[in-house]
Amino acid sequence: MRRTKAFIPTTKEAPSDATLPSHIFLARAGFISQVAAGLYNYMPLAKRVIKKIENIINEEMTKVGAQEVELSFVTPADLWAESGRIEKFGKELLRFKDRKGNLFVLGPTHEEMMVDMVRNRITSYKNLPLNLYQIKTKFRDEARPRFGLMRGREFIMKDGYSFHANTQDLDREFDAMEAAYKKILTRLGLDFRVVEADSGAIGGSGSKELMVLADSGEDTIAVCSKCEYGANIEAASRSARGAIPEAPEAEFNKFLTPDTKTIDDLAEFFKVDPYYTVKCVAKRVVYEDESEIVLFFVRGCDNLQEVKAINATDALDIVDVTEEELAEIGLVPGFIGPLDQDKAKHVIDSDLKDAKDLICGANEKDYHFVGVDLGVISEVAYFADIAEVNEGDICPHCNGKLSFTKGIEVGHIFKLGTTYSEALKAEFLDENGKSQPFIMGTYGMGVSRLVAAVIEQHHDENGCIWTPATAPYMVNIMISNIKDEEQVAVGEKLYKELQDAGVEVMLDDRKERFGFKMKDAELIGFPYTVIIGKELVNGNVQIYTRNTKAKDAVAKDAVFEKVMELLS
RNA sequence: CGGGGUGUAGCUCAGUAUGGUUAGAGUACUUGGUUUGGGACCAAGGGGCCGAAGGUUCGAGUCCUUUCACCCCGACCA
């Protein structure tokens, strides 16, 4: 492509609302343009990158036997009613009526559609397993789209669905898909981590997220320093603490503790480590048609993990409560404890099961209990893992320490089980002629989000640094001075040679100055730029490598071979 | 969905408290010239329903009402 003919509208200034590097540089370098909130046009460079990512996904999916399909973007609302998700998704579903008044939904994901296509067509265990996928635009009317391609309302996703006769086969497929996804991200040149995820609302027996590591990621993940363990903070667990601080010595007793409403006050008052205090987090737990106040107890050194708390209570949601609401049911904020108190339901963190030497609220203003042994209620109380892991906690699989890092969720693989096949009555006959619902897996990968993720992980102050597998063009030939006939001749020759060799090459033949064209090349992020400029009087050109910023002189007659060598 | 902010040239923004000739700058674009190794310089140009609708006024980018859009913080996000 000749730069003089290419539609690549680069700008010096970033859109005023862009904050993330990927958003700023993709906009400035002429990859994307915003249309409305969460809607973007992909201009030629972005389209090329997307195609490259899609090709890699297609190749790896083909290798593991998945078949590509394409389902209608517009989906009948009836299907969503059948699965019950028209309620669950709520306003995220963009609904509209056709001329006949029938209600339709723009597909935000395609479980229903895929199950509908397969049901009554695959009816025997002999035709299982089956893995179908598509790469397609999705639409979710998010309340707050942001961060450019990272979180749009319209986005491109690869979504795959597998159908199995038994759970062992689903497990096998799940592992195969994890391996394939890892291979895709490796080929794309990304630094990533597979982490355990919360399976939450959708149910199912397990899920993993593929996280591209980047500071701007919206998810916090806990990773082990020694082994492969990694988990989303919402699902991360830890093994029992190793170095336990020295226990305070005290007989069970009630103490006057005026104005010690916080854990810090309490630990200071008794001169004990917060580990031995019991923190109460009161929340309103919301169910489908009712709600109640639940008291969550964790150690003073821990914090409540809300997703875990939701799972522990089978709630739809958890919201804050005010001191007034607590006072109404006779609770005294700052002095709430799990003993001798029946005003609200309790959930106690499993780390507190049978714990001794504790200090907790006495459910009476200005009083705490000391020397508490929770063993006395271990039979009657409800214990669950509800504490958020802390940095430095011990890995649940080895003795390594957990540390936190930020990740961009680019993939999520799920063991769905029979949630959708049951709802949609999608069944097959097993070996015994018995009707069974399909056992399903679902595998998503955000294609347009990957474009952003590459840049979040690979950029510098000057712009994009595309990895070899994602670069819209591998080589940029920059003719420094377009009025210099010799430079033009050398550039045109190399351009033709590389094109003939099948290399994706851009020829910057614009009548601009050296600095302008270099800044532009760096902003766009071509892996290599061949500079044909003032070195030519010595018979040399230079190869500029984007990620190292190195400029290496090469004899003009050797440059074609040198470039081919770099690309191989 | 709660709280806050912003809409003026393709882009980034002045101008709005106190209404008053023909609405500005930078950048980008066009033309000519100079320049040619890190987003050059000079000159001349083209480009605006001041988000939309209604109102107040002799007169509205500026004041009032309504509305739409976009952004930020939070909640939400299989």
Side-chain angles (χ1 to χ4, degrees), chain A residues 9-20 23-24 27-30 33-39 80 83-85 88-93 107-112 114 138 140-148 150-153 155 157 159 161 197-204 207 209 218-219 232 234 286 306-307 310 316-320 409 411-417 419-420 440-444 446 449 462-463 478-484 487 510-524 529 531-537 540-542 544 549 551 553:
Chain A
T10 58
T11 64
K12 208 157 156 180
E13 283 184 280
S16 55
D17 45 57
T19 51
L20 289 192
H23 190 183
I24 292 170
R28 279 192 54 206
S33 74
Q34 182 168 7
V35 180
L39 307 181
W80 295 86
S83 70
R85 284 213 289 187
K88 240 179 229 168
F89 257 106
K91 287 190 175 171
E92 269 189 39
L93 289 181
T109 171
H110 278 178
E111 280 82 6
E112 284 83 353
M114 197 64 87
K138 301 285 184 287
R140 295 181 191 176
D141 199 0
E142 293 236 22
R144 188 146 110 79
R146 59 188 120 167
F147 303 141
M150 202 74 96
R151 188 194 260 284
R153 290 144 91 202
F155 57 98
M157 181 165 85
D159 49 323
Y161 309 85
D198 169 53
S199 304
I202 196 171
S207 82
E209 290 167 337
E218 289 189 83
D219 289 282
N232 193 309
E234 297 173 349
V286 182
E306 291 207 7
V307 173
I310 287 175
L316 291 179
D317 196 12
I318 281 189
V319 297
D320 289 341
E409 183 193 337
H412 198 163
I413 57 176
F414 239 106
K415 292 181 187 175
L416 266 185
T419 315
Y420 292 93
M440 293 180 59
T442 178
Y443 318 95
R449 182 179 280 185
N462 294 322
M478 194 262 270
I479 298 171
S480 180
N481 183 354
I482 204 74
K483 284 189 180 169
D484 183 321
Q487 289 184 17
R510 291 175 299 176
K511 183 180 171 297
E512 294 288 351
R513 309 178 105 228
F514 177 87
F516 182 90
K517 287 191 276 200
M518 275 305 284
K519 288 283 186 200
D520 212 51
E522 284 172 328
L523 177 61
I524 293 170
T529 293
I531 302 168
I532 299 170
K534 65 180 187 183
E535 295 277 314
L536 200 57
V537 294
N540 284 340
V541 300
Q542 287 163 304
Y544 172 78
K549 296 189 181 178
K551 276 183 201 161

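These numbers come from a predicted model, not from an experiment. So that the names make sense, note that chain A is the first sequence line, chain B the second, and so on, each numbered from 1. All values below were derived from every heavy atom in this structure, side-chain atoms included, with hydrogens, water molecules and symmetry-related copies excluded.
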Margin query: Tell me whether the side-chain N or O atoms of A/Glu13 pair up with the base of B/G10 as donor and acceptor below 3.5 Å, since no angle test is needed here.
Written below: no

Check: When the C1' atoms of B/C73 and B/A14 are considered, how many whole Å apart are they?
Finding: 27 Å

Note to self: Classify A/Met157 by what it touches in the nucleic acid, base, sugar-phosphate, or nothing, heavy-atom distance under 4.0 Å.
What the structure shows: base

Check: Which whole-number value in Å describes the distance from A/Ile310 CD1 to B/A75 C1'?
Finding: 12 Å

Note to self: Distance check, C1' atoms only: B/A60 and B/A53, in whole angstrom units.
What the structure shows: 15 Å

Margin query: Need one value for A/Arg153: base, sugar-phosphate or nothing, where a base atom within 4.0 Å counts as base even if backbone is also close, heavy atoms only.
Written below: nothing

Notebook entry, point to check: Which listed nucleotide (B/C73, B/G38, B/G39) is nearest to the side chain of A/Met518?
Noted result: B/G38

Next item on the list: Classify the nucleic acid contact of A/Glu535 as base, sugar-phosphate or nothing, counting any heavy atom under 4.0 Å across all strands shown.
Entry: base

Next item on the list: Consider the side chain of A/Arg140, meaning its heavy atoms from C-beta on, and name the nucleotide among B/G39, B/A78, B/G74 that approaches it most closely.
Entry: B/A78

Checklist line | Donor-acceptor pair, side chain of A/Gln487 and main chain of A/Asn481, under 3.5 angstrom | finding: yes

Notebook entry, point to check: If anything within 90° of 0 is syn and all else is anti, what is B/A44?
Noted result: anti

Margin query: Need one value for A/Lys138: base, sugar-phosphate or nothing, where a base atom within 4.0 Å counts as base even if backbone is also close, heavy atoms only.
Written below: nothing

Item checked: Shortest non-hydrogen separation from A/Ala14 to A/Ile24 and the atoms involved -> CB-CG2, 3.6 Å

Margin query: Using a 5.5 Å cut-off between ring centres and planes within 30 degrees, is A/Phe516 stacked on the base of B/G39?
Written below: no

Note to self: If you count every heavy atom of other residues, nucleotides or ligands that lies below 6.0 Å from A/Lys91 atom NZ, does the total exceed 12?
What the structure shows: no

Margin query: On a heavy-atom basis, which atom in A/Asp198 and which in A/Ser207 lie closest, and how many Å separate them?
Written below: O-OG, 3.8 Å

Note to self: Could you tell me how far B/G15 sits from B/U22 if I compare only their C1' atoms? Round to whole Å.
What the structure shows: 16 Å

Note to self: Need one value for A/Asp484: base, sugar-phosphate or nothing, where a base atom within 4.0 Å counts as base even if backbone is also close, heavy atoms only.
What the structure shows: nothing

Margin query: Suppose we call a contact any N or O donor and acceptor under 3.5 Å apart; does that hold for the side chain of A/Lys551 and the base of B/G38?
Written below: yes

Check: How is A/Lys483 classified with respect to the nucleic acid when contacts are heavy atoms under 4.0 Å: base, sugar-phosphate, or nothing?
Finding: base

Next item on the list: Provide the distance between the two P atoms, one in B/U57 and one in B/C71, to the nearest whole Å.
Entry: 38 Å

Margin query: With rounding to the closest Å, how many angstrom separate the P atoms on B/G46 and B/G3?
Written below: 48 Å

Item checked: Selected nucleotide, minimal atom distance to A/Arg513 side chain, candidates B/C77, B/U35, B/C71 -> B/U35

Note to self: When the P atoms of B/U27 and B/G39 are compared, how many Å lie between them, rounded to an integer?
What the structure shows: 14 Å

Notebook entry, point to check: So, the side chain of A/Glu142 versus the backbone of A/Arg144: is there a donor-acceptor pair under 3.5 Å, distance only?
Noted result: no

Margin query: Counting the atoms with a prime plus P, OP1 and OP2 as sugar-phosphate, which does A/Asn481 contact under 4.0 Å by heavy atoms, base, sugar-phosphate, or nothing?
Written below: base

Next item on the list: Mark yes or no for whether A/Arg449, through its side chain, and A/Met150, through its backbone, hold a donor-acceptor pair below 3.5 Å.
Entry: yes

Next item on the list: Before giving the answer on side chain to side chain contact (heavy atoms under 4.5 Å, CB included), spell out for A/Met440 and A/Met114 the whole-Å C-alpha distance, their side-chain angles and the decisive distance to 0.1 Å.
Entry: CA-CA 11 Å; A/Met440 293 180 59; A/Met114 197 64 87; 5.9 Å; no

Margin query: What's A/Gln542 touching, base or sugar-phosphate or nothing? Going by heavy atoms closer than 4.0 Å.
Written below: base

Next item on the list: Rounded off to whole Å, could you give me the CZ-to-P distance for the A/Phe147 and B/C77 pair?
Entry: 16 Å

Check: How far does the P atom of B/G19 sit from the matching atom of B/C63, given to the nearest Å?
Finding: 9 Å

Notebook entry, point to check: Which comes earlier along RNA chain B counting from the 5' end, the contact point of A/Arg449 or that of A/Thr10, where each point is its nearest nucleotide?
Noted result: A/Thr10

Margin query: Can you tell me whether the side chain of A/Arg144 and the base of B/G2 have a donor-acceptor pair closer than 3.5 Å?
Written below: no

Note to self: What contact category does A/Thr109 fall into here, base, sugar-phosphate, or nothing, at under 4.0 angstrom with non-hydrogen atoms?
What the structure shows: base

Check: Tell me, do A/Asp159 and A/Glu111 make a side-chain contact under 4.5 Å, heavy atoms counted?
Finding: no

Note to self: Could you tell me if the side chain of A/Lys517 sits less than 4.5 Å from the side chain of A/Thr529, heavy atoms only?
What the structure shows: no

Margin query: Classify A/Pro15 by what it touches in the nucleic acid, base, sugar-phosphate, or nothing, heavy-atom distance under 4.0 Å.
Written below: sugar-phosphate

Provide a list of protein-nucleic acid N or O atom pairs under 3.5 angstrom, restricted to nucleotides 4-7 of chain B.
none

Next item on the list: Write down the distance separating the C1' atoms in B/A43 and B/G51, rounded off to the nearest Å.
Entry: 36 Å

Check: Would you say the side-chain atoms of A/Arg28 pair up with the backbone N or O of A/Lys12, donor to acceptor, closer than 3.5 Å?
Finding: yes

Check: Is the glycosidic angle of B/C49 within 90° of 0, making it syn, or outside that range, making it anti?
Finding: syn

Item checked: Min side-chain heavy-atom separation A/Met478-A/Phe514 under 4.5 Å -> yes

Note to self: Both atom distances under 3.5 Å, Watson-Crick or G-U wobble: I'd like the secondary structure of RNA chain B as a dot-bracket string, with | for pairs made across strands.
What the structure shows: (((((((..((((......[...)))).((((((.....)))))).....(((((..]....))))))))))))....

Next item on the list: Report yes if the side chains of A/Asp520 and A/Arg510 come closer than 4.5 Å at any heavy-atom pair, otherwise no.
Entry: yes

Next item on the list: Name the nucleic acid region contacted by A/Lys549, choosing base, sugar-phosphate or nothing; use a 4.0 angstrom heavy-atom cut-off, strictly under.
Entry: nothing

Next item on the list: Select base, sugar-phosphate, or nothing to describe what A/Leu523 touches, counting heavy atoms under 4.0 Å on all strands.
Entry: base

Note to self: Between A/Phe89 and A/Gln34, which residue's closest nucleotide on RNA chain B lies nearer the 5′ terminus?
What the structure shows: A/Gln34

Note to self: By the 4.0 Å heavy-atom rule, please label A/Ala37 as base, sugar-phosphate, or nothing.
What the structure shows: sugar-phosphate

